[in-house]
Amino acid sequence: MIEQVFFFYFACVIAAASVLVVAAHNPIYSALALLIMFFHVAGLFVTLHAEFLAAVQIIVYAGAILVLYLFVVMLLNLRHDDRYHRQWPMAAAVGVTLVIEAVILTAMKGWATPVVATGTETTVEGTSNAGTIGDVLYSTYLFPFEVASLILLVAMIGAIILAKKDLGEPTES
Amino acid sequence: MTVPLSYYLVLSGIVFLTGVIGVLLRRNIVIILLSVELMLNATNINFVAFSQYLHNVAGQVFVFFALTVAAAEVAVGLAIIIALYRAKSTINIDEFQLLKW
């Protein structure tokens with residue numbers, strides 16, 4: 001019962017904040033709504049017994065990514081302009097199609113049946129959530145982990161190159 | 001486990017749909033990137049919910065990788081936005097119709 005109360009609170013705030021991200025006039029309001037959404041997703045992770053990911057969600061998303069967004073928004077000093085794109089009929093068509101598809105699929109399949117645990121790497125009882133993730137990450141997923149570090153390196157170099165001012169031939173305008 | 005898995009899937013679907021609509025509808029490139037973040041978070045909710053319900057920790061590891069890719073995407077995307085702003089001094093997406101100028 002208490003889990004359902006927490007879930008519905010988090011779900012309502014997440015849905016409302018995500019709508020606010022898309023609908024807000026000011027980009028700063030959008031970013032702050034996204035911050036609220038990140039915190040509540042972290043709370044949802046805690047109710048799902050993924051405490052390590054909840055902490056990482058707050059540290060990386062709310063602490064690093066969102067600060068970067070706010071920094072760029074304030075650096076560019078954006079004016080308010082027209083919010084919506086001219087292709088809104090297409091967006092409405094895609095949205096209505098996806099909603100209808102979701103409703104049809106839900107009606108066809110009904111609600112999910114209880115699933116049985118078939119995983120190969122089951123969570124080890126007695127160790128913490130972070131310990132379990134560390135065990136799996138450094139044994140089974142060691143190669144993807146190294147590739148992820150390579151992705152971060154490439155992204156860092158790419159960001160520096162892209163944001164550098166005098167690169168290549170100087171533009172005349 | 002009193003909350004069914006379907007509830008998490010419905011929530012994730014709502015958030016993902018909001019992100020798709022934001023990408024299609026908004027003209028500000030920063031808001032479009034924020035909408036992409038919404039979609040990534042929707043998939044993260046799915047991953048963690050399935051990881052909990054299948055008692056398989058691999059889902060949480062994949063959230064970890066999705067987070068890495070999101071960080072890389074933000075760094076490169078914001079660098080591109082700054083470069084675009086330098087070139088045209090606007091980030092309205094209607095102004096960027098040419099591949100080269």
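All values below come from the heavy atoms of this structure, side chains included, with hydrogens, waters and symmetry mates left out. In what follows, chains are A, B, ... by sequence order, proteins preceding strands, each numbered from 1.
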Open item on the list: Between B:Ala42 and chain A, with a heavy-atom cut-off of 4.5 Å, which part of the residue counts as in contact: side chain, backbone, both or neither?
Closed with: neither
Open item on the list: Under a 4.5 Å cutoff for heavy-atom pairs, which residue among A:Val99, A:Leu137, A:Ile2 has the most contacts with chain B?
Closed with: A:Leu137
Open item on the list: Tell me whether A:Tyr138 shares a hydrophobic cluster with B:Phe65, the cluster being built from Ile, Leu, Val, Met, Phe, Trp, Tyr side chains joined at under 4.5 Å.
Closed with: yes
Open item on the list: Any donor-acceptor pair under 3.5 Å linking the side-chain atoms of A:Gln57 with those of B:Asn41?
Closed with: yes
Open item on the list: Quick check on A:Leu68 against chain B: is it the side chain, the backbone, both or neither that has a heavy atom closer than 4.5 Å?
Closed with: both
Open item on the list: Please determine whether the number of non-hydrogen atoms from other residues, nucleotides or ligands lying under 6.0 Å from atom OH of A:Tyr29 exceeds 12.
Closed with: no
Task: Atom group of B:Ile31 that falls short of 4.5 Å from chain A, counting heavy atoms - done: side chain
Open item on the list: For the OH atom of B:Tyr53 and the CG atom of A:Leu48, what is their distance to the nearest 0.5 Å?
Closed with: 7.0 Å
Open item on the list: With a 4.5 angstrom heavy-atom cut-off, is it the side chain or the backbone of A:Phe38 that approaches chain B, or both, or neither?
Closed with: side chain
Open item on the list: Shorter than 4.5 Å, heavy atoms on both sides: which option in B:Gly59, B:Ala70, B:Ser35, B:Gly19 has the most such pairs with chain A?
Closed with: B:Ala70
TODO: Heavy atoms only: give me the nearest A:Tyr61-B:Leu40 pair and the separation to one decimal.
DONE: OH-CB, 4.0 Å
- [ ] Hey, could you give me the CD1/CD distance between A:Ile133 and B:Gln60, rounded to the nearest 0.5 Å?
- [x] 4.0 Å
Task: Within one Ile-Leu-Val-Met-Phe-Trp-Tyr cluster: A:Val5 and A:Val46, side-chain cutoff 4.5 Å - done: no
Open item on the list: Tell me whether A:Val41 shares a hydrophobic cluster with A:Tyr9, the cluster being built from Ile, Leu, Val, Met, Phe, Trp, Tyr side chains joined at under 4.5 Å.
Closed with: yes
Task: Step-by-step side-chain contact (heavy atoms from CB on, under 4.5 Å) determination, B:Glu37 to A:Leu66 - done: CA-CA 10 Å; B:Glu37 294 294 325; A:Leu66 210 69; over 6 Å; no
- [ ] Check whether more than 12 heavy atoms from other residues, nucleotides or ligands sit under 6.0 Å from atom CZ of A:Phe6, and answer yes or no.
- [x] no
- [ ] Measure B:Leu17 against the heavy atoms of chain A and call it side chain, backbone, both or neither at under 4.5 Å.
- [x] side chain
Open item on the list: So which atom in B:Ile14 and which in A:Ala15 form the shortest heavy-atom distance, rounded to 0.1 Å?
Closed with: CG2-CB, 4.3 Å
Task: Within the 6.0 Å centroid threshold, strictly below: A:Tyr141 and B:Phe62 - done: yes
Task: B:Ala83 versus A:Leu162, closest heavy-atom pair with distance - done: CB-O, 3.9 Å
Open item on the list: Quick check for you: among A:Leu152, A:Val154, A:Ile160, which has the greatest number of heavy-atom pairs under 4.5 Å with chain B?
Closed with: A:Leu152
TODO: Starting from the C-alpha separation in whole Å, work towards a yes-or-no answer on side-chain contact (heavy atoms from CB on, under 4.5 Å) for A:Val60 and B:Thr68.
DONE: CA-CA 9 Å; A:Val60 174; B:Thr68 311; over 6 Å; no
Open item on the list: Taking the side chain as everything from C-beta on, heavy atoms only, tell me whether B:Asn44 gets closer than 4.5 Å to A:Phe45.
Closed with: yes
TODO: Search all heavy atoms of A:Val21 against all heavy atoms of B:Arg26 and return the closest pair with its distance.
DONE: O-NH1, 4.2 Å
- [ ] Could you give me the CA-CA distance, side-chain angles and deciding distance for B:Ile21 and A:Val94, then say whether side-chain contact (heavy atoms from CB on, under 4.5 Å) is met?
- [x] CA-CA 8 Å; B:Ile21 290 174; A:Val94 171; over 6 Å; no
TODO: Might you point out which heavy atoms bring A:Leu76 and B:Tyr85 nearest each other, and give the distance in Å?
DONE: O-OH, 3.0 Å
Open item on the list: Within this structure, what is the CG-CG distance for the pair A:Leu34 and B:Leu33, rounded to the nearest 0.5 Å?
Closed with: 11.0 Å
Open item on the list: Can you tell me how far apart CG (B:Leu11) and SG (A:Cys12) are? Round to the nearest 0.5 Å.
Closed with: 9.0 Å
Task: Close side-chain approach of A:Tyr69 and B:Leu34, heavy atoms under 4.5 Å - done: yes
Open item on the list: Between A:Met156 and chain B, with a heavy-atom cut-off of 4.5 Å, which part of the residue counts as in contact: side chain, backbone, both or neither?
Closed with: neither
TODO: Determine the option with the most heavy-atom pairs under 4.5 angstrom with chain A, choosing from B:Val76, B:Leu67, B:Ile81.
DONE: B:Leu67
Open item on the list: Please tell me whether A:Ile151 and B:Val74 are part of a single hydrophobic cluster in this structure, the criterion being side-chain heavy atoms less than 4.5 Å apart.
Closed with: no
TODO: For the pair B:Tyr8 and A:Leu44, evaluate side-chain contact (heavy atoms from CB on, under 4.5 Å) and give the outcome as yes or no after the intermediate values.
DONE: CA-CA 10 Å; B:Tyr8 290 99; A:Leu44 203 62; 4.0 Å; yes
Task: Separation of B:Thr18 OG1 from A:Leu20 CG (nearest 0.5 Å) - done: 11.5 Å
TODO: Working to the nearest 0.5 Å, report the span between CD1 of A:Ile65 and CD of B:Glu73.
DONE: 8.0 Å
- [ ] Can you tell which part of A:Ala64 gets under 4.5 Å to a heavy atom of chain B, answering side chain, backbone, both or neither?
- [x] neither
Open item on the list: Starting from A:Ile104, can I reach A:Val96 by hopping between I/L/V/M/F/W/Y residues whose side chains sit under 4.5 Å apart?
Closed with: yes
- [ ] Specify the closest pair of heavy atoms between A:Ala159 and B:Ala79, including all atoms of both residues, with the distance to one decimal.
- [x] O-CB, 3.6 Å
Open item on the list: With a 4.5 angstrom heavy-atom cut-off, is it the side chain or the backbone of A:Phe71 that approaches chain B, or both, or neither?
Closed with: neither
Task: Residue B:Ile32 versus chain A: region with a heavy atom under 4.5 Å - done: neither
